[in-house]
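Read the structure below first, then the notes.
These numbers come from the heavy atoms of this one structure, side chains and all, not from hydrogens, waters or symmetry mates. When a residue number appears, it is its place in the shown sequence, counting from 1.
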Amino acid sequence: METVKVRWQARTGEWMVYTASDWQALSCWATELPDLTPVRLILAATDYACHWLSLPGVSQRHLARALPFALEESLIGDVQEYLIVPAGSADKKIRAYVVANEQIERLLDACELHHLQVHEVIPETS
(Lines give C-alpha, C1' and ligand atoms only; values in the text may rest on other atoms or scores of the structure.)
Protein backbone atom coordinates (compact mmCIF):
# COMPACT_ATOMS: atom_id res chain seq x y z
CA MET A 1 0.00 0.00 0.00
CA GLU A 2 1.30 3.43 -0.96
CA THR A 3 1.48 5.97 1.89
CA VAL A 4 1.94 9.62 0.93
CA LYS A 5 1.41 13.06 2.39
CA VAL A 6 -1.13 15.24 0.55
CA ARG A 7 -2.04 18.91 0.71
CA TRP A 8 -4.44 21.20 -1.11
CA GLN A 9 -2.77 23.84 -3.26
CA ALA A 10 -5.31 26.67 -3.42
CA ARG A 11 -3.28 28.72 -5.89
CA THR A 12 -3.44 26.03 -8.57
CA GLY A 13 -6.64 24.37 -7.34
CA GLU A 14 -5.19 20.88 -7.12
CA TRP A 15 -3.99 18.29 -4.63
CA MET A 16 -0.26 17.89 -4.21
CA VAL A 17 1.58 14.74 -3.13
CA TYR A 18 4.90 14.67 -1.27
CA THR A 19 7.19 12.03 -2.72
CA ALA A 20 10.79 11.42 -1.64
CA SER A 21 11.90 15.04 -1.40
CA ASP A 22 9.50 17.16 -3.45
CA TRP A 23 5.85 18.02 -3.99
CA GLN A 24 4.14 17.09 -7.24
CA ALA A 25 0.59 17.22 -8.52
CA LEU A 26 -1.56 14.24 -7.52
CA SER A 27 -2.54 13.84 -11.17
CA CYS A 28 1.12 13.41 -12.22
CA TRP A 29 1.93 11.09 -9.34
CA ALA A 30 -1.13 8.91 -9.98
CA THR A 31 -0.23 8.33 -13.64
CA GLU A 32 2.83 6.38 -12.48
CA LEU A 33 0.71 3.96 -10.43
CA PRO A 34 -1.32 1.00 -11.67
CA ASP A 35 -5.11 1.37 -11.60
CA LEU A 36 -6.80 0.55 -8.29
CA THR A 37 -3.62 1.00 -6.26
CA PRO A 38 -4.51 1.09 -2.55
CA VAL A 39 -3.33 4.30 -0.88
CA ARG A 40 -3.09 5.70 2.63
CA LEU A 41 -3.13 9.49 2.60
CA ILE A 42 -1.60 11.65 5.32
CA LEU A 43 -3.45 14.96 5.26
CA ALA A 44 -1.12 17.94 5.75
CA ALA A 45 -1.75 19.96 8.91
CA THR A 46 -2.53 23.04 6.81
CA ASP A 47 -5.73 21.38 5.56
CA TYR A 48 -7.51 20.78 8.86
CA ALA A 49 -7.76 22.14 12.38
CA CYS A 50 -7.02 20.38 15.63
CA HIS A 51 -9.03 21.49 18.67
CA TRP A 52 -8.53 20.58 22.32
CA LEU A 53 -11.75 20.81 24.32
CA SER A 54 -12.71 20.42 27.91
CA LEU A 55 -16.07 18.63 28.08
CA PRO A 56 -16.67 17.71 31.71
CA GLY A 57 -19.43 15.20 32.26
CA VAL A 58 -19.57 14.02 28.64
CA SER A 59 -19.10 10.28 28.30
CA GLN A 60 -17.24 8.64 25.42
CA ARG A 61 -20.57 7.30 24.22
CA HIS A 62 -22.00 10.82 23.78
CA LEU A 63 -18.80 12.47 22.56
CA ALA A 64 -19.66 12.38 18.84
CA ARG A 65 -22.91 14.25 19.52
CA ALA A 66 -21.38 16.77 21.95
CA LEU A 67 -18.38 17.83 19.82
CA PRO A 68 -20.33 19.74 17.14
CA PHE A 69 -22.07 21.83 19.82
CA ALA A 70 -18.79 22.50 21.62
CA LEU A 71 -17.07 23.59 18.39
CA GLU A 72 -19.95 25.57 16.90
CA GLU A 73 -18.66 28.95 18.10
CA SER A 74 -15.16 28.42 16.66
CA LEU A 75 -16.20 27.35 13.16
CA ILE A 76 -16.62 29.80 10.29
CA GLY A 77 -19.47 27.96 8.59
CA ASP A 78 -22.32 25.80 9.74
CA VAL A 79 -21.37 22.71 11.78
CA GLN A 80 -22.82 20.42 9.09
CA GLU A 81 -20.20 21.71 6.62
CA TYR A 82 -17.44 19.99 8.60
CA LEU A 83 -16.26 16.50 9.36
CA ILE A 84 -15.48 16.37 13.09
CA VAL A 85 -13.47 13.38 14.28
CA PRO A 86 -12.79 12.71 17.97
CA ALA A 87 -9.17 11.65 18.37
CA GLY A 88 -8.41 10.71 21.93
CA SER A 89 -7.75 12.73 25.03
CA ALA A 90 -4.95 13.92 27.29
CA ASP A 91 -4.96 15.85 30.57
CA LYS A 92 -8.78 15.76 30.72
CA LYS A 93 -9.07 17.47 27.32
CA ILE A 94 -10.47 15.90 24.20
CA ARG A 95 -8.78 16.26 20.83
CA ALA A 96 -10.95 16.73 17.76
CA TYR A 97 -9.89 17.07 14.15
CA VAL A 98 -12.05 19.34 11.99
CA VAL A 99 -11.94 19.45 8.20
CA ALA A 100 -14.37 20.88 5.68
CA ASN A 101 -16.52 18.20 4.03
CA GLU A 102 -15.87 19.89 0.70
CA GLN A 103 -12.11 19.46 1.17
CA ILE A 104 -12.39 15.72 1.83
CA GLU A 105 -14.81 15.29 -1.08
CA ARG A 106 -12.31 17.03 -3.39
CA LEU A 107 -9.55 14.71 -2.27
CA LEU A 108 -11.64 11.55 -2.64
CA ASP A 109 -12.95 12.69 -6.03
CA ALA A 110 -9.40 13.36 -7.27
CA CYS A 111 -8.31 9.90 -6.15
CA GLU A 112 -11.34 8.27 -7.76
CA LEU A 113 -10.69 10.15 -11.00
CA HIS A 114 -7.17 8.67 -11.09
CA HIS A 115 -8.37 5.17 -10.12
CA LEU A 116 -6.79 5.09 -6.67
CA GLN A 117 -8.38 3.16 -3.79
CA VAL A 118 -8.25 5.29 -0.65
CA HIS A 119 -8.04 3.06 2.40
CA GLU A 120 -7.27 5.73 5.00
CA VAL A 121 -6.98 9.50 5.37
CA ILE A 122 -4.87 10.26 8.43
CA PRO A 123 -4.24 13.73 9.93
CA GLU A 124 -0.55 14.58 9.90
CA THR A 125 -0.48 15.24 13.64
CA SER A 126 -2.27 12.01 14.55
Side-chain angles (χ1 to χ4, degrees):
M1 180 179 307
E2 293 282 327
T3 301
V4 292
K5 183 175 174 181
V6 294
R7 75 173 180 199
W8 175 249
Q9 182 67 37
R11 191 179 74 233
T12 59
E14 64 184 331
W15 283 98
M16 303 296 287
V17 174
Y18 187 77
T19 57
S21 62
D22 199 18
W23 290 94
Q24 69 180 56
L26 182 129
S27 55
C28 294
W29 172 75
T31 59
E32 300 169 9
L33 300 174
D35 283 353
L36 303 176
T37 297
V39 294
R40 177 183 298 122
L41 305 174
I42 300 171
L43 188 61
T46 55
D47 293 313
Y48 64 91
C50 181
H51 294 268
W52 288 93
L53 304 160
S54 180
L55 298 173
V58 176
S59 69
Q60 289 293 330
R61 196 173 95 200
H62 295 105
L63 190 58
R65 283 190 274 168
L67 280 174
F69 294 107
L71 289 166
E72 194 169 27
E73 297 284 323
S74 61
L75 300 176
I76 294 172
D78 190 57
V79 170
Q80 282 115 8
E81 295 174 13
Y82 297 93
L83 172 63
I84 300 170
V85 181
S89 60
D91 298 326
K92 297 182 182 181
K93 291 198 175 198
I94 297 165
R95 179 176 55 191
Y97 292 117
V98 180
V99 63
N101 289 330
E102 182 181 332
Q103 194 81 335
I104 293 295
E105 288 171 10
R106 264 192 226 131
L107 177 57
L108 296 177
D109 288 347
C111 289
E112 184 179 340
L113 179 67
H114 297 291
H115 308 286
L116 300 173
Q117 288 185 337
V118 178
H119 283 255
E120 286 182 288
V121 178
I122 305 166
E124 182 177 25
T125 57
S126 180

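Both Ile104 and Val85 belong to a common hydrophobic cluster when Ile, Leu, Val, Met, Phe, Trp and Tyr are linked at side-chain heavy-atom distances under 4.5 angstrom. When the side chains of ILVMFWY residues are joined at heavy-atom separations under 4.5 Å, either directly or via intervening members, Val118 and Val6 end up in a single hydrophobic cluster.
Atoms OG and CH2, on Ser89 and Trp52 in that order, are 7.5 Å from each other to the nearest 0.5 Å. Here OG of Ser27 is found 5.5 Å from CD of Glu14. Values are rounded to the nearest 0.5 Å. Between atom OG1 of residue Thr37 and atom NE2 of residue His114 there is a gap of 13.0 Å, rounded to the nearest 0.5 Å. Distance check: Leu43 CG to Lys5 NZ gives 10.0 Å after rounding to the nearest 0.5 Å. Once rounded to the nearest 0.5 Å, the distance linking CD of Gln24 with CD of Glu32 reads 5.5 Å. A distance of 12.0 Å separates OG1 of Thr31 from NE2 of His115, quoted to the nearest 0.5 Å.
At least one side-chain heavy atom of Leu41 sits less than 4.5 Å from a side-chain heavy atom of Val4. Residues Cys28 and Val17 have side chains not in contact (no heavy-atom distance under 4.5 Å, counting atoms from C-beta outward). Side-chain contact between Thr125 and Tyr97 is present, with heavy atoms from C-beta onward closer than 4.5 Å. Annotation: side chain of Met16 is not in contact with side chain of Trp29 (no heavy-atom distance under 4.5 Å). Contact annotation: the side chain of Lys92 never approaches that of Ser54 to less than 4.5 Å [non-hydrogen atoms, C-beta and beyond]. Inter-residue side-chain proximity for Gln9 and Trp23 is flagged as unmet; no heavy-atom pair is nearer than 4.5 Å. Under the 4.5 Å side-chain criterion, counting only non-hydrogen atoms from C-beta, Ile42 is in contact with Thr3.
Within 6.0 Å of CD on Glu112 lie no more than 12 heavy atoms contributed by other residues, nucleotides or ligands. With a 6.0 Å radius and a threshold of 12 heavy atoms from other residues, nucleotides or ligands, Glu102 has its CD atom at or below the threshold.
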Please walk me through it: do His119 and Arg40 pass side chain to side chain contact (heavy atoms under 4.5 Å, CB included)?
-> CA-CA 6 Å; His119 283 255; Arg40 177 183 298 122; 5.7 Å; no
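Looking at Arg95, its side chain does come within 3.5 Å of a backbone N or O of Ala87 through a donor-acceptor pair. With Asp47 contributing its side chain and Trp8 its backbone, the two residues share a donor-acceptor pair below 3.5 Å.
Leu67 forms part of a hydrophobic cluster together with Leu53, Leu55, Val58, Leu63, Leu71, Leu75, Ile76, Val79, Tyr82, Ile84, Ile94, Val98, judged by ILVMFWY side-chain heavy-atom separations under 4.5 Å.
Applying side-chain contact (heavy atoms from CB on, under 4.5 Å) to Leu116 and the options Val39, Leu108, Leu36 leaves one that passes, Val39.
Annotation for Met1 and Pro38: closest pair CG-O, 3.5 Å, computed over non-hydrogen atoms. Ala45 approaches Glu124 most closely through the heavy-atom pair N-OE1, 2.8 Å.
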